[in-house]
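Okay, structure first, notes after.
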Amino acid sequence: GYRVSLQGNFFGHKHMYIAFPEYNPRKHIKLDPPLNIQSNVTASKCQIRWSVPWYLVEILQYELQYKEYSISWEIALNKTLPSSLPQIEIEATELRSGIAYIARVRCKVSENEDSYHSQWSEWSQTTVFQRAGVPKLSEKILNTRTMQFLFIPLSFGTVLYLLWNCKLSQKASPALTFPRQLLSFSHSIICTMGILR
């Protein structure tokens, strides 16, 4: 341990003030902030990682602070991590879709540690992330799928209609009826394609 005192002249007299009669550096640590903070977002969660010196990993605790990008840090959300692992997961349900978020983290020696004590470090650099949205099918893909589902039944129905019409048209010449039916079938297909587009 150390004895810390302050000395100075005041009004021509020398004075000494003892700031810490028994100062132990182990009990008054202020760590550097965590480094390399990064975020990885999936549809179900956002994982945030950072790094600290390897020899401190097991004795540190962390506090995460995050907020919507456009609002002040004064109303940010805080999470104190239960473990000493340099990472945390935020469930997607805690994040609003389409909104950018920003996060930072700080560290200190765990309260469970007897050998060292510290105050919170400064905040780390920040990372920006956004909840992954559910992919939407484009209008073009939807139209293509609609055509696939409707084209075959409509074509089959048109063929049945032509066959039925041929049976009823016994008075007309077969040579004249078939081209007319074929023309009608082609016209139906063209109209169907036009509607689907």
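Small disclaimer: the values here were computed from a predicted structure and weren't measured.
Nearest heavy atoms, Ala76 versus Lys67: CB-CB, 3.8 Å. Of all heavy-atom pairs between Ser118 and Leu31, the closest is OG-CD1, 4.5 Å. Of all non-hydrogen atoms in Ile37 and Ser124, the two that sit nearest each other are CD1-OG, 4.0 Å.
Put simply, the side chain of Leu60 reaches to within 4.5 Å of the side chain of Val52, judged on heavy atoms. Looking only at side-chain heavy atoms (C-beta outward), Glu94 and Tyr66 come within less than 4.5 Å of each other. The side-chain heavy atoms of Cys46 and Val41, taken from C-beta on, include a pair separated by under 4.5 Å. Using a 4.5 Å heavy-atom threshold, the side chains of Ile88 and Lys79 count as touching. No side-chain heavy atom of Thr80 sits less than 4.5 Å from a side-chain heavy atom of Leu64. Between Pro34 and Ser121, some side-chain heavy-atom pair lies under the 4.5 Å cut-off. Counting heavy atoms from C-beta on, the side chains of Thr127 and Ile102 never come closer than 4.5 Å. Side-chain contact between Phe129 and Ile48: present, with at least one pair of heavy atoms (C-beta onward) separated by less than 4.5 Å.
By the 4.0 Å N-to-carboxylate-O rule, Lys45 lies too far from Glu91 to be salt-bridged with it. The pair Glu63-Lys108 fails the salt-bridge criterion, with no side-chain N (NZ, NE, NH1 or NH2) lying under 4.0 Å from an Asp/Glu carboxylate O. Taking a cutoff of 4.0 Å between a charged side-chain nitrogen and a carboxylate oxygen, Arg96 and Glu68 qualify as a salt bridge.
Side-chain contact, Gln87 with Arg49: a donor N or O sits under 3.5 Å from an acceptor N or O. Gln65 and Asn78 share a side-chain donor-acceptor pair at under 3.5 Å.
Between the CH2 atom in Trp123 and the CZ atom in Arg106 there is a gap of 4.5 Å [rounded to 0.5 Å]. If you take CG on Asn9 and NZ on Lys14, they are separated by 6.5 Å, rounding to the nearest 0.5 Å. Atom-to-atom distance recorded for Glu122:CD and Gln125:CD is 11.5 Å, nearest 0.5 angstrom.
With sequence neighbours left out, Glu113 forms a salt bridge (charged side-chain N to carboxylate O under 4.0 Å, His left out) with no residue at all.
Using bins of under 30°, 30° to 60° and over 60° for the plane-to-plane angle, the ring pair Trp50/Tyr62 lands in the perpendicular bin.
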- Message: Walk me through whether Tyr101 and Leu77 qualify under side chain to side chain contact (heavy atoms under 4.5 Å, CB included).
- Response: CA-CA 11 Å; Tyr101 287 82; Leu77 297 172; over 6 Å; no
